[in-house]
Participant: 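One structure, pasted below without further comment.
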2 protein chains.
Amino acid sequence: MQGTAPRTRIQEKNTSAILEAALEVFSQAGFRGATLDQIAKAAGLSKPNLLYYFPSKEAIHVALLSELLDSWLDPLRALDPQGDPIDEIVGYVLRKLDMARDLPRESRLFANEIIQGAPRIHDYITGPLKRLVDEKADLIRDWQAEGRIAPVDPHHLIFSIWATTQHYADFDVQVRGILAPGQDARFPEAARFLEHMYRRALAPG
Amino acid sequence: MQGTAPRTRIQEKNTSAILEAALEVFSQAGFRGATLDQIAKAAGLSKPNLLYYFPSKEAIHVALLSELLDSWLDPLRALDPQGDPIDEIVGYVLRKLDMARDLPRESRLFANEIIQGAPRIHDYITGPLKRLVDEKADLIRDWQAEGRIAPVDPHHLIFSIWATTQHYADFDVQVRGILAPGQDARFPEAARFLEHMYRRALAPG
DNA sequence: AAAAAGTTTGACCATTTGGTCAGGATGACG
DNA sequence: CGTCATCCTGACCAAATGGTCAAACTTTTT
């Protein structure tokens, strides 16, 4: 009945249909641009029925964001202190690029939220996200101290990785519009470009 | 009276007050998230008075976008075929970064529009924007053929420049949240990082 | 100073939108 | 099969929102 764990099959089915529909709508229109009617229609339910499963529009949005944020950090977490520094970072870039390809709606949901001032996830940014980024920045500084990677600012390196990879999800319309028609290969091409760029930029010496 | 050129002082003053207010509101909330009341209040006018100067909310948005798109291409246009390839591209990066610092609302207005599917500027993307990008991609390919710059995909190079620079405007909240506190230096730091990255990535050989 | 042109507003309207509710339908289960 | 809990809906509501309009108020022009 609430945003917590579903208890019955019907709840299971409907809550996930709602979240799926809401992801579609919110990611495309932003929070205020989305309407309960759109979400209900996309989920194949009536509006009052939506509100039987979630107490409000806001609650749906929060549920969606919580689910997302939970897994958003995973690729960065996987940066391995034991691995080869440049391979690790390039691996991170390619993992993020895969996410942009496979989960573009999640990326746009996140982007919408942040562009509009991150009203609902400010604590996440200054809390868990900042902590993890700071930790990985330290790791990168360690690698730099050992001379295994060029001495660039770790935070801005991470920002650039986010920017370049998420760009292919968030600005997809623009990318396709400019690359058209043969844009089917844009992700492999982007991977090749980004791998080249980061290998070159980070090579020590 | 319409979105064309103002005729009187009062028109001059009020239309620019409206556009300034609308930029503030639209860039922060997106088209659907913005309300005429918010814009009117920010402009210091009554809502009916807004609609005396612009026929609709949509018209204000269009006027704003037209104004913006007109100047959006300038930095890329300035890529000089006569200059040193790497200096030219790094110069472009730094110019875009300056724009992200000085005109963040314009950047967010644009980003909001594209994330939400570019309903109002699709023709601009596949038209003038694509043309200019393709032209500059050819220039970059020429430089590559002369061996003066590394052979990376020119389109994806340009995308990465847009992504990394606009990130500092569009995702400002996130950048500040992670860098805090000493985030006042984020633009000079970003400039240093990006210049390093692109010089390294593009050096021939 | 009067007329004309331009500007502003309060009151109003239709539609959209998030949300409620009483009651009916449907399933789970002894 | 009966009953209890879960699920679903049509009708409804209040607030917000984009937009209209007649009338009043200013400014410019003659």
Side-chain angles (χ1 to χ4, degrees), chain A residues 1-65 112-113 116 119-120, chain B residues 1-65 112-113 116 119-120:
Chain A
M1 192 175 165
Q2 296 90 327
T4 58
R7 316 254 158 206
T8 74
R9 291 99 172 272
I10 297 182
Q11 262 171 55
E12 177 84 36
K13 194 189 60 165
N14 283 349
T15 52
S16 70
I18 291 170
L19 289 175
E20 160 67 26
L23 176 58
E24 188 71 31
V25 176
F26 279 134
S27 71
Q28 227 261 356
F31 181 74
R32 272 223 50 193
T35 72
L36 287 180
D37 285 300
Q38 287 173 62
I39 298 172
K41 191 179 170 189
L45 299 173
S46 68
K47 185 169 58 164
N49 205 8
L50 271 203
L51 293 164
Y52 172 73
Y53 290 101
F54 292 89
S56 67
K57 180 184 177 183
E58 174 99 24
I60 301 176
H61 195 248
V62 167
L64 216 46
L65 276 176
N112 261 310
E113 193 62 15
Q116 306 193 357
R120 281 165 264 269
Chain B
M1 194 176 166
Q2 294 89 327
T4 58
R7 316 253 158 206
T8 74
R9 291 97 174 275
I10 296 182
Q11 264 173 53
E12 177 83 36
K13 194 189 60 163
N14 283 349
T15 52
S16 71
I18 291 170
L19 289 175
E20 160 66 25
L23 175 58
E24 189 70 31
V25 175
F26 279 134
S27 71
Q28 229 261 355
F31 180 75
R32 272 224 50 194
T35 72
L36 286 179
D37 285 300
Q38 286 173 62
I39 298 171
K41 191 179 168 188
L45 298 172
S46 67
K47 185 169 57 165
N49 206 8
L50 270 202
L51 294 164
Y52 171 73
Y53 290 100
F54 291 90
S56 67
K57 181 184 177 183
E58 175 99 25
I60 301 176
H61 196 247
V62 167
L64 216 46
L65 276 177
N112 260 312
E113 193 63 15
Q116 306 194 358
R120 280 164 266 269

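Chain naming here is simple, since letters A, B, ... match the order of the sequence lines and numbering starts at 1 in each.
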Participant: Round to the nearest Å and state the distance from L50(A) atom CG to dC7(D) atom P.
Facilitator: 15 Å

Participant: Could you state the CD1-C1' distance from I10(A) to dA28(C), rounded to the nearest angstrom?
Facilitator: 10 Å

Participant: Could you grab the distance from atom OG1 of T15(B) to atom CG of L50(B), nearest 0.5 Å is fine?
Facilitator: 11.5 Å

Participant: Does dT6(D) have its OP1 or OP2 closer than 4.0 Å to a side-chain nitrogen or oxygen of N14(A)?
Facilitator: no

Participant: Can you pull out every side-chain hydrogen bond (donor to acceptor under 3.5 Å, both in side chains) where at least one residue sits in residues 25-35 of chain B? Sequence neighbours excluded, please.
Facilitator: T35(B)-Q38(B)

Participant: What residues form a side chain to side chain contact (heavy atoms under 4.5 Å, CB included) with S46(B), not counting sequence neighbours?
Facilitator: P48(B), N49(B)

Participant: Quick check for you: to the nearest 0.5 Å, what is the distance between E24(B) atom CD and L19(B) atom CG?
Facilitator: 13.0 Å

Participant: Between Y53(A) and I10(A), is there a side-chain heavy-atom distance shorter than 4.5 Å?
Facilitator: yes

Participant: Expressed as a whole number of angstroms, how long is the span from R9(A):CZ to dT26(C):P?
Facilitator: 18 Å

Participant: Check whether any side-chain heavy atom of R120(A) sits under 4.5 Å from a side-chain heavy atom of F31(A), and report yes or no.
Facilitator: yes

Participant: Indicate whether OP1 or OP2 belonging to dT7(C) is found under 4.0 Å from a side-chain N or O atom of Q11(B).
Facilitator: yes

Participant: Going 5' to 3' through nucleotides 17-25 of chain D, assign each nucleotide B (protein heavy atom under 4.0 Å from a base atom), S (under 4.0 Å only from sugar-phosphate atoms) or - (no protein heavy atom that close).
Facilitator: SBBBB----

Participant: CG of N49(A) versus P of dG24(C): gap in Å, rounded?
Facilitator: 18 Å

Participant: Examine dT7(C): is either OP1 or OP2 under 4.0 Å from a nitrogen or oxygen in the side chain of T8(B)? Give yes or no.
Facilitator: yes

Participant: Using side chain to side chain contact (heavy atoms under 4.5 Å, CB included) as the criterion, list what pairs up with S56(B), not counting sequence neighbours.
Facilitator: E58(B), A59(B)

Participant: How long is the line joining CG of L45(A) and C1' of dG19(C), in whole Å?
Facilitator: 16 Å

Participant: Just the rounded figure in Å: distance from C1' of dC7(D) to CZ of F54(A).
Facilitator: 15 Å

Participant: Taking the side chain of S46(B) as heavy atoms from C-beta outward, which of dC8(D), dT9(C), dT27(D) is closest to it?
Facilitator: dT9(C)

Participant: For the pair made of OH in Y52(B) and C1' in dT9(C), what is the distance, rounded to whole Å?
Facilitator: 13 Å

Participant: Just the rounded figure in Å: distance from P of dA16(D) to NZ of K41(B).
Facilitator: 13 Å

